[in-house]
Colleague: 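Sending over a structure as structure tokens; questions will come in a sec.
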Amino acid sequence: MTDATTNRRLGVLISGRGSNLQAMINAIAERRLDATIAVVISSREDAKGLDLARTAGIETLVLSHRGYAERAEYDRVLVRELRKREVRLVCLAGFMRLLGPEFVDAFPNAVLNIHPSLLPAFPGIEAQRQAWEHGVQVSGATVHFVTADLDSGPIVRQQAVTVLPEDTPETLAARILTVEHELYPAAIQLVLDGRWHIKGRRVLFADP
Ligand code: GRF
């Protein structure tokens, strides 16, 4: 068995493009992130991110929710596959399925997500478009712990992005994505380093 304190094995869950997955792969290669991606699980077999994982020599698995009558059953299969590979931290990266309490309880304070807005503003899908349509002047990206409620767990890291007058939802999304690619690996590194605790909703970090 892997020692819990030294285990830096990640399980990355995707459904699509996989650019955040690629950012993690790059960060590991450049030694900005001290971790190993043990497995990439996709809810869709046509996810582009699967090719990125394969190119990097990472084990991949396609687990579609179709074929499971209940969400809890799908969640249990995910948990089993992640545990089999001794994953310590689960990183959602564009994973388009809602995870239920069974999953979240199986990995207490060990599931992260990245969301393309400054939460709690604009949860849910198309957050960048929501922000643009609302007319905010600042949006950004948030890395947070996952709870059974959508996009509302304790916040690990956030970074702001200025909305420019000439922005479209697409140009804004592209600038936020660039920020995501730096923010997510850095937040994963912080969480793996373990010098933090959660008080109420707040993630408190020890001084370096
Ligand atoms: C990102 O914008 C992320 O914030 C959101 O889904 C998108 C995934 O993009 N949760 P990618 O698959 O990592 O390229």
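Atoms within a ligand are numbered from 1 in the order they appear, just like the ligands themselves.
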Colleague: Looking at Ile176, Thr178, Leu183, which hits side-chain contact (heavy atoms from CB on, under 4.5 Å) with Glu180?
Modeller: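 Exactly one pass, corresponding to Ile176.
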
Colleague: Check each of Gly94, Gly16, Ser117, Ser19 against atom 11 (P) of ligand 1 and report the one with the nearest heavy atom.
Modeller: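 Among Gly94, Gly16, Ser117, Ser19, the closest heavy atom to atom 11 (P) of ligand 1 belongs to Ser19.
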
Colleague: Can you tell me the protein heavy atom closest to atom 12 (O) of ligand 1 and the distance?
Modeller: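 Its nearest protein heavy-atom neighbour is Gly18 N, 2.8 Å.
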
Colleague: Got the closest protein heavy atom to atom 1 (C) of ligand 1, with its distance?
Modeller: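 It is Glu180 OE1, 3.2 Å.
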
Colleague: Would Arg157 pass as a cation-pi partner of Phe205, given that its NZ or CZ must be under 6.0 Å from the six-membered ring centre and within 45 degrees of the axis?
Modeller: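 Here Arg157 passes the 6.0 Å and 45° test against Phe205.
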
Colleague: Of the choices Leu183, Ile114, Leu52, Ile14, which has the non-hydrogen atom that lies closest to atom 5 (C) of ligand 1?
Modeller: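 Heavy atom nearest to atom 5 (C) of ligand 1 belongs to Ile114.
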
Colleague: Taking distance alone, with no angle check, do Asn113 and ligand 1 share an N/O pair under 3.5 Å?
Modeller: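 No, no N or O pair falls under 3.5 Å.
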
Colleague: For the pair Arg88 (side chain) and Asn7 (backbone), establish whether a donor and an acceptor sit closer than 3.5 Å, ignoring hydrogens and angles.
Modeller: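 Yes, Arg88 side chain to Asn7 backbone: donor-acceptor pair under 3.5 Å.
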
Colleague: With a 6.0 Å cut-off on ring centres, are Trp196 and Phe145 close enough?
Modeller: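 Centroid distance Trp196-Phe145: below 6.0 Å, so yes.
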
Colleague: Does Gly49 reach ligand 1, in the sense of a heavy atom lying below 4.0 Å from it?
Modeller: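 Flag not set, Gly49 not near ligand 1.
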
Colleague: Which Ile, Leu, Val, Met, Phe, Trp or Tyr residues join Leu150 in one cluster when any pair of side-chain heavy atoms under 4.5 Å counts as a link?
Modeller: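 Its cluster partners, ordered by chain and number, are Leu98.
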
Colleague: Report the nearest protein non-hydrogen atom to atom 9 (O) of ligand 1: residue, atom name, distance rounded to 0.1 Å.
Modeller: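 Checking every protein heavy atom, the shortest distance to atom 9 (O) of ligand 1 gives Arg17 NH2, 3.1 Å.
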
Colleague: Between CG of Leu21 and OG of Ser19, what distance do you get to the nearest 0.5 Å?
Modeller: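 One gets 9.0 Å once the value is rounded to the nearest 0.5 Å.
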
